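Shown next, in structure tokens, is the structure this report addresses.
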Amino acid sequence: MADDKKLTTRAEDFSAWYNELVLRAELADYSPVKGSMVIRPNGYGIWERMQRALDDRFKETGHQNAYFPLFIPQSFLQKEASHVEGFAPEVAVVTHGGGKPLEEPLIVRPTSETIIYHMFAKWTQSYRDLPILINQWANVVRWEMRTRLFLRTLEFLWQEGHTAHATHDEAEAEARQMLGVYRGFMEDWIAMPVVTGQKSESEKFAGALRTYSCEAMMQDNKALQAGTSHNLGQNFAKAFDLTFQAENGETAHAWNTSWGVSTRMVGGLVMTHSDDNGLVTPPRLAPIEVVIVPIYKTDEERGRVVEAAHKVKADLGAWTGRGATDRLRVKVDDRDGVKPGAKYYEWELRGVPLRLEIGPKDLEKGSVFSARRDTRAKAAIPMAGLPEAVARLLETIQTDLLAAARARREANSHRHVTSYAQFKEIMDGPGGFVYAGWNGDPASEAKVKEETKATIRCIPDPEFRSAEAPRTCLVTGEPAKHEVIWAKAY
RNA sequence: CGGGGCGUAGCGUAGCCCGGUAUCGCGCCUGCUUUGGGAGCAGGAGGUCGCCGGUUCGAAUCCGGCCGCCCCGACCA
């Protein structure tokens, strides 16, 4: 009886756990079209908070939002050779409109480089028109074979930044800057530590010069690529005649970058923090940070306690200690006829970071009883100074989540692996990140993928590299060109 | 597209082998009693048994075809 109320545990079946959690916490639901999903208010609320935090950072770094259309002429995709090769198989094509076949089919954007650089070309004459720093929030469509809620669906929501610069170095700095913005967001908001680094040739974006990424480790020890930033070089500028007249009077092609993160991050949030009781949301992204459950027996008690609960909510919401616009987000669950225990389970499933219980005993003592979602630690908090105490506790939860996730990642990261046999053992067993040498040859990368399903997640940035660089290639034993991170990935 | 599994009430299922118009749990509605970790009792609503066809007096059940979904592979934010 109680059993079917419980989730499949992570240990039993991680993938079933994830699916059940997403459905039961009402983050998302399957839509009638295979591979696409509805994002429900609980999930969309998290996405909205992600959007707001990121959008602020994009603005701070000088970007402006704009919107480019969903439909792109099919011919546009074909103008950049590797881009078309990379995306052609997963592009949805519109062939009819207004009841008639179209003269030229339209593609539904899988990403917007082509249309955006076409427009940039129209707007750019002089170096004085550069840089162009644009972001758009949009949906994109990629016809994937195998889909999973939030992690890979036919349609997803994201932002794509697109910039044009006069020089390679400026574009490079932009791509690196935005990678840093992503990393900061993922750590400070999602409390999801990431390794930043550069993608290998085979893993980079179709049409890019270089791709950088943020790689997170999920609780099943698989890697999740949570965000990418590309230095596109002049590839798209050449394909779309994006030129400008430089100071010296010569005409030159612009240098572009593009960078994006998507609703996939919601899946990352789930798989980073949640437990067998349900979702765990980092406070900064939680649509509801605090839920108050009134406890009572009689109608008389109910009246007093529910009133007190609403008073606490009002006090918390009125507190401006985090700034006038960043108020504590509080809900009172005053449903009658649902027992407190049932409410606890429900809000735990939904991932509310902090629960406050207020009953007659608490009123007598002038305190409230708190329960943390992440550690399930419980403690009484005096009513006096409650907003400050609650805000502090939420901050503690936020930082503890990041610390716990980082500790888990490090515990499952394997350095100084030099033997391929040992590597296979790790990949067949616990998995995780393996730091090892690589000769830089795509052939050895392909061999590992073929034999173990692990791929090179990135060539990590210097701060993530091992104190002593590996000397030999994990696969061939030849001298290593780079230290890379191997992992199975989503 | 290959391999595996599954379609019965909102969800999870029994029944199928051995044909007779459907079982149980959760959820939902009403009432009363409850309420500090998933409440109890009583009453009630809810079903084209995935779809089409065949066999049969009679099909959830047997036969044929089709569709859909999930999991595992080839592709990917």
Side-chain angles (χ1 to χ4, degrees), chain A residues 1-6 8 13-16 18-20 23-24 26 29-35 85-91 110-111 138-160 182 199 202-206 211 213-216 223-230 258-268 277-278 293-299 301-302 305-306 333-349 355-365 368-369 371 376 378 380 449-450 453 455 489-490:
Chain A
M1 164 181 157
D3 273 3
D4 60 346
K5 293 183 176 175
K6 291 203 172 118
T8 299
D13 184 343
F14 191 83
S15 164
Y18 175 82
N19 287 333
E20 283 175 28
L23 295 173
R24 297 214 3 219
E26 297 181 359
D29 202 355
Y30 293 108
S31 93
V33 176
K34 180 187 164 125
E85 197 186 319
F87 279 106
E90 54 189 72
V91 162
T111 178
N139 59 339
V140 286
V141 168
R142 298 180 187 178
W143 218 263
E144 301 290 352
M145 306 283 201
R146 263 190 79 202
T147 56
R148 295 200 64 192
L149 294 167
F150 286 113
L151 302 173
R152 182 169 301 105
T153 47
L154 296 194
E155 178 189 0
F156 58 93
L157 305 182
W158 76 343
Q159 59 68 218
E160 46 182 323
Y182 287 159
K199 286 292 189 183
S202 72
E203 295 277 332
K204 79 173 187 191
F205 175 72
T211 291
S213 75
C214 295
E215 303 285 333
L224 182 77
Q225 179 176 304
T228 50
S229 182
H230 317 287
S258 69
W259 26 278
V261 293
S262 72
T263 39
R264 179 180 240 203
M265 290 190 298
V266 177
N277 299 307
V293 179
I295 311 287
Y296 49 83
K297 283 193 170 68
T298 64
D299 280 350
E301 282 180 353
R302 171 158 198 260
V305 158
V306 168
D333 185 353
D334 56 6
R335 287 174 297 173
D336 197 16
V338 180
K339 294 183 76 167
K343 292 179 182 177
Y344 301 165
Y345 280 101
E346 183 173 331
W347 294 111
E348 281 170 8
L349 175 65
R355 180 178 76 236
L356 298 181
E357 303 165 20
I358 303 181
K361 293 179 203 163
D362 304 294
L363 290 185
E364 274 170 36
K365 287 184 283 192
V368 301
F369 197 71
R376 314 193 93 202
K378 296 172 184 177
K449 185 175 180 179
E450 171 73 29
K453 288 174 192 127
T455 51
Y490 276 97

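A quick note: this is a predicted structure, and the numbers were derived from the prediction, not measured. Numbers restart at 1 for each chain; the letters A, B, ... are given by sequence-line order, proteins then strands.
- Side-chain proximity of A/Asn19 to B/rC75, B/rC71, B/rU35: nearest is B/rC71.
- No N or O donor and acceptor, one from the side chain of A/Lys339 and one from the base of B/rG40, sit under 3.5 Å apart.
- Contacts of A/Tyr30 with the nucleic acid, taken as non-hydrogen atoms under 4.0 Å apart, involve only primed sugar atoms and P, OP1 or OP2.
- Heavy atoms of A/Phe156 sit under 4.0 angstrom from at least one base atom.
- As judged by a 4.0 angstrom heavy-atom cut-off over every strand, A/Asp336 is placed among the base-contacting residues.
- For the P atoms, the distance linking B/rG2 with B/rG25 amounts to 42 Å, nearest Å.
- Residue contacts for A/Leu151: at a heavy-atom cut-off of 4.0 Å it reaches a base atom on one of the strands shown.
- A/Arg376 pairs by the side-chain contact (heavy atoms from CB on, under 4.5 Å) definition with A/Asn277, A/Glu348, not counting sequence neighbours.
- Across all strands, A/Arg142 comes closer than 4.0 Å to base atoms (heavy-atom distances).
- Where A/Ala342 and A/Val338 meet RNA chain B, the nucleotide closest to each residue was compared, and A/Val338 sits on the side nearer the 5' end.
- A/Thr153 comes within contact range of at least one nucleobase, with a heavy-atom separation under 4.0 Å.
- To the nearest whole angstrom, the two C1' atoms, one in B/rA14 and one in B/rA22, are 10 Å apart.
- Within 4.0 Å of A/Gln225, counting heavy atoms only, lie sugar-phosphate atoms of the nucleic acid but no base atom.
- Counting any heavy atom pair closer than 4.0 Å across all strands shown, A/Lys361 reaches a base atom.
- Taking atom P in both B/rG10 and B/rG50, the straight-line distance is 13 Å, to the nearest Å.
- Across all strands shown, A/Arg148 has no heavy atoms under 4.0 Å from either base or sugar-phosphate atoms.
- At a threshold of 4.0 angstrom between heavy atoms, the contacts of A/Arg335 with the nucleic acid are absent.
- Checked by distance alone, A/Glu348 brings a side-chain donor or acceptor within 3.5 Å of a matching partner on the base of B/rG37.
- We find that CD of A/Glu160 is positioned 14 Å from P of B/rA77, with the value rounded to whole Å.
- Annotated stems with RNA chain B as a participant read B:1-7 with B:67-73, B:10-12 with B:24-26, B:28-33 with B:39-44, B:50-54 with B:62-66, given as range with range, by first number; only runs of 3 or more Watson-Crick or G-U pairs under 3.5 Å qualify.
- Nucleic acid contact for A/Lys199: none, since no nucleic acid atom lies under 4.0 Å from a heavy atom of the residue.
- The same atom, P, is picked in B/rC6 and in B/rG15; the two are 12 Å apart, to the nearest Å.
- As rounded to the nearest Å, B/rC49 and B/rU8 have C1' atoms that lie 4 Å from one another.
- The CG-P distance, from A/Asp333 to B/rG36, rounds to 13 Å in whole Å.
- Atom CG of A/Asn139 is separated from atom P of B/rA77 by 18 Å (rounded to the nearest Å).
- At the heavy-atom level, A/Gly359 lies under 4.0 Å from base atoms of the strands shown.
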